[in-house]
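In what follows, a structure is listed as structure tokens, so that the remarks can point back to it.
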There are 2 protein chains.
Amino acid sequence: MRETIWTRQRSAAPARETLSREQIVKTAMEVLDGEGVAGLSMRKLAARLGAGATSLYWHVPTKDDLVDLLIDQVWGEIDVPEPELAGWRSGALLFGHSLRSAVLRHPWLPEVMYTRPSIGPNAMALGERGLVLFGAAGFTPREVDLAMGSVMSYVLGTASAEVATREMVRKSGRSEESWVSELLEQAQSVATDYPRMQESVRRRTSVNLDSELTGNFVFGLDALLDGLQSRVMK
Amino acid sequence: MRETIWTRQRSAAPARETLSREQIVKTAMEVLDGEGVAGLSMRKLAARLGAGATSLYWHVPTKDDLVDLLIDQVWGEIDVPEPELAGWRSGALLFGHSLRSAVLRHPWLPEVMYTRPSIGPNAMALGERGLVLFGAAGFTPREVDLAMGSVMSYVLGTASAEVATREMVRKSGRSEESWVSELLEQAQSVATDYPRMQESVRRRTSVNLDSELTGNFVFGLDALLDGLQSRVMK
DNA sequence: TAGTCACTCGCACACTGTACGACAACCTCG
DNA sequence: CGAGGTTGTCGTACAGTGTGCGAGTGACTA
């Protein structure tokens, strides 16, 4: 078996005080959460750790690998309820919410997660627990895979789209209302000939952004779970 | 109304032979489809057009704006059936397939689309047609928005995840089988303690990648549409 | 005390997006 | 015809980027 970033292990007790992979990952996570992908550079990260720029490369093969580690870190934050406690259906609902909020906490995720498969240890553990949860629904083994996959895709897709909106608000530095209204104005000016879009856009203006987005999310997830439920033992 | 990249218009008949925004967008699309986001640089793009590097900046404010234009171009490729022809349900199915295949044709899309809202003209036109389609199902106006949004999120999320897998295969330059089997081996080695994941991963090894991914997609979309249908006039 | 391992880091290379300002080709007006 | 303005091109330059290389340093082992 070839060595990978996941298998590599270092001596437990470093001789003197040195950088460590854990420390690098932790600091990188802070930078990423705070400044996004564009704000993370190896030089800045090293400076923040009080180290020389290229010292990081002893602990991590490339920046891309570092990002792999960070993504897997996020997968470790998601909790998947045991089906015994609440049944698979509400378990799946909780799982969905947990997954969504992890994405919202780490808004850089969508930008990078779709450029690589997730095969780190936390991703595997997450998958395992997910399969246990969906396995309790009474699906065939193949359907268990499919059901879990579709829920994850839906949740990640929705949360990613949410992030796109929320980040633009944040980056503009302006108030949510003023930004939303400008975006809508812009959209309206482009959508002059589209009455339904106009109407739909106008409907959104009057609502609180947060509850609007949460409502969207729950509606679709619920519908999807309904559809999945109807497939049990069919 | 402020000028935006969407509103800007140029003189219809350029005096001499010059670059044009259309030409730039078209060439950029080729580069992007062929080499991905990392392969698109303003200098390379200009060279390909036989122009100086910074000439592009007369036609397009920034690279980011160029990407906005490219994304909107993709939205223009998606077709949304009229509900009269096939009913909303199978229309939605067709819509989903069209959207998915656009993403697969432009695998760079997931990497960039989640970093900005889509408010270009083609996005608006797409939205309008989508609302017409889902409007035919008998939802309340609010539900029409929600239904369309959830379907788009699901499809984009699933297709994006697909792209992650497919691109890794392509980039590795090796055969699909050899790559899949190595990925699986790697995954297995990480997932030693996870019997369900092991089993699930093993199940995939024996199947054709293409039909596997298409099957996943259809299963979830179908379930979601079932769930939506049950909400009509409830 | 000598040697080896674990780790740090300065330098350099090839590349990026894009601001700036000089320049040229064409159009319009007198 | 000539003058001025508009449209468009492009060379140079700046401040960054990821990372390969090789020299150096501190600590542990024999």
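Numbers restart at 1 for each chain; the letters A, B, ... are given by sequence-line order, proteins then strands.
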Exercise. Are A:Asp79 and A:Arg129 within salt-bridge range, i.e. N to O under 4.0 Å?
Worked result: no
For this session: Ignoring backbone atoms, test whether B:His59 places a side-chain nitrogen or oxygen under 4.0 Å from the OP1 or OP2 oxygen of D:dT9.
Result: yes
Problem set entry | Atom pair distance, as rounded to whole Å: CG in B:Leu56 and P in C:dG17 | 10 Å
Problem set entry | From C:dC7, D:dT19, D:dT9, nucleotide with atom closest to A:Met42 side chain | D:dT19
Exercise. Looking at D:dG11, does its base get a donor-acceptor pair with the side chain of B:Thr54 below 3.5 Å?
Worked result: yes
For this session: For the side chain of A:Ser55, starting at C-beta, report the closest nucleotide among D:dT9, C:dC9, C:dC7.
Result: C:dC9
For this session: Classify the side-chain pair B:Arg196/B:Ser200 by whether it contains a donor and acceptor separated by less than 3.5 Å.
Result: no
Problem set entry | A:Gln23 side chain to A:His59 side chain, donor-acceptor N/O pair below 3.5 angstrom | no
Exercise. Between the base of D:dG18 and the side chain of A:Thr62, is there any donor-acceptor pair under 3.5 Å?
Worked result: no
Exercise. With no angle test and no hydrogens, is the base of D:dG16 tied to the side chain of A:Arg43 by a donor-acceptor pair under 3.5 Å?
Worked result: no
For this session: In whole angstrom, give the distance that lies between atom CD of B:Glu35 and atom C1' of C:dC15.
Result: 15 Å
For this session: Give A:Leu40 one of three labels, base, sugar-phosphate or nothing, depending on what nucleic acid heavy atoms sit under 4.0 Å from its own.
Result: sugar-phosphate
Exercise. What is the distance from CZ of B:Arg8 to P of D:dT7, rounded to the nearest Å?
Worked result: 10 Å
Exercise. Hey, which of these two, A:Pro61 or A:Ser41, hits DNA chain D nearer its 5' end, going by closest nucleotide?
Worked result: A:Ser41
For this session: Could you work out which one of D:dG8, C:dT8, C:dG17 sits closest to the side chain of B:Lys63?
Result: C:dG17
For this session: Describe the nucleic acid contact of A:Ala53 in one word from base, sugar-phosphate, nothing, applying a heavy-atom distance below 4.0 Å.
Result: nothing
Exercise. Over how many whole Å does the gap from B:Tyr57 atom OH to C:dT16 atom P extend?
Worked result: 11 Å
For this session: Using the six-membered ring wherever Trp is involved, compare the ring planes of A:Phe217 and A:Tyr154 and label them parallel, tilted or perpendicular (cut-offs 30° and 60°).
Result: parallel
Exercise. Whole-Å distance between D:dG18 C1' and A:Trp58 CH2?
Worked result: 20 Å
Exercise. Rounded to the nearest Å, what distance is computed from the CZ atom of residue B:Arg21 to the C1' atom of nucleotide D:dT7?
Worked result: 15 Å
Exercise. To the nearest Å, how far apart are B:Leu45 CG and C:dG17 C1'?
Worked result: 13 Å
Exercise. Which is it for A:Glu77 and A:His106 under the side chain to side chain donor-acceptor pair (under 3.5 Å) test, yes or no, and what are the steps along the way?
Worked result: CA-CA 11 Å; A:Glu77 294 175 13; A:His106 305 291; 2.8 Å; yes
Exercise. Among C:dT16, C:dT18, D:dG8, which nucleotide sits nearest the side chain of B:Thr18?
Worked result: D:dG8
For this session: In whole angstrom, give the distance that lies between atom CG of B:Leu66 and atom P of C:dG17.
Result: 10 Å
Exercise. Reckon A:Ala46 touches a base, only the sugar-phosphate, or nothing at all at heavy-atom distances under 4.0 Å?
Worked result: nothing
